[in-house]
Amino acid sequence: MQEAAFLGAADQSGHGRFIEAEEVAGATAPIPSAALRAARLQIVGSGQGSVGTREILGELPELAAEITKGTFEIDARPVPLSQVEQAWAEAPRTAQRLVITP
């Protein structure tokens, strides 16, 4: 079944996982009813509140070490708070992440 394959299940007994990371694709995530019937579906959020504070704090030392090593490439643009309105208006035309600075 195509919907089950989309959700990560090889057959009807498979386990599917849908992870909603951001609203880049839109504010809603429609799921076909056939996909719900075809797989044991788990929906996982990834925003603030989807992971407990203890789990986040447990990952911070390793994350800080990787950042320090330069493992991550982050295309970010620092923007002074005084220019936030202009930067926010330009944001849809760039893939850069805005980092608001004092």
Side-chain angles (χ1 to χ4, degrees):
M1 183 171 265
Q2 184 176 6
E3 290 88 355
F6 170 76
L7 293 170
D11 58 36
Q12 290 188 7
S13 64
H15 179 98
R17 180 176 287 179
F18 179 83
I19 301 173
E20 198 285 316
E22 293 186 22
E23 288 190 20
V24 173
T28 61
I31 301 172
S33 61
L36 296 175
R37 293 188 302 273
R40 191 180 73 181
L41 178 64
Q42 178 183 17
I43 299 176
V44 180
S46 65
Q48 189 174 10
S50 66
V51 178
T53 302
R54 183 172 296 177
E55 290 86 1
I56 292 172
L57 292 175
E59 295 295 325
L60 287 180
E62 185 177 345
L63 179 60
E66 294 299 316
I67 290 170
T68 302
K69 286 193 285 187
T71 304
F72 298 108
E73 288 187 31
I74 301 171
D75 188 11
R77 182 175 123 210
V79 176
L81 184 57
S82 62
Q83 297 174 13
V84 71
E85 186 175 358
Q86 177 185 347
W88 194 253
E90 296 168 357
R93 296 186 297 274
T94 180
Q96 287 183 310
R97 293 287 191 175
L98 298 178
V99 178
I100 310 304
T101 60

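Keep in mind that the numbers below use all heavy atoms, side chains included, and drop hydrogens, waters and symmetry copies. The model shown is predicted, which means the values in this text are computed figures rather than measured ones.
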**Study point:** Qualifying residues under side-chain hydrogen bond (donor to acceptor under 3.5 Å, both in side chains), relative to Thr68, sequence neighbours excluded
**Key:** none
Exercise for review: Check which hydrophobic residues are tied to Val84 through side-chain heavy-atom contacts below 4.5 Å, counting indirect links as well, and list them.
Suggested key: Val79, Leu81, Trp88, Leu98, Ile100
Side-chain donor-acceptor contacts of residues 59-66 below 3.5 Å, not counting sequence neighbours, with atom names and distances?
residue, atom, partner, partner atom, Å
Glu66, OE1, Thr71, OG1, 2.8
Glu66, OE2, Lys69, NZ, 3.1

Check your understanding: Within the side chain of Glu55, is there an N or O that forms a donor-acceptor pair under 3.5 Å with the backbone of Gly52?
Key -> yes
Review point. What heavy-atom pair brings Ala87 and Arg77 nearest, and what distance separates the two atoms?
Key: CB-NH2, 3.5 Å
Revision key, fill the gap. Hits for side chain to side chain contact (heavy atoms under 4.5 Å, CB included) against Thr101, two or more places apart or cross-chain, chain-then-number order -> Pro78, Pro80
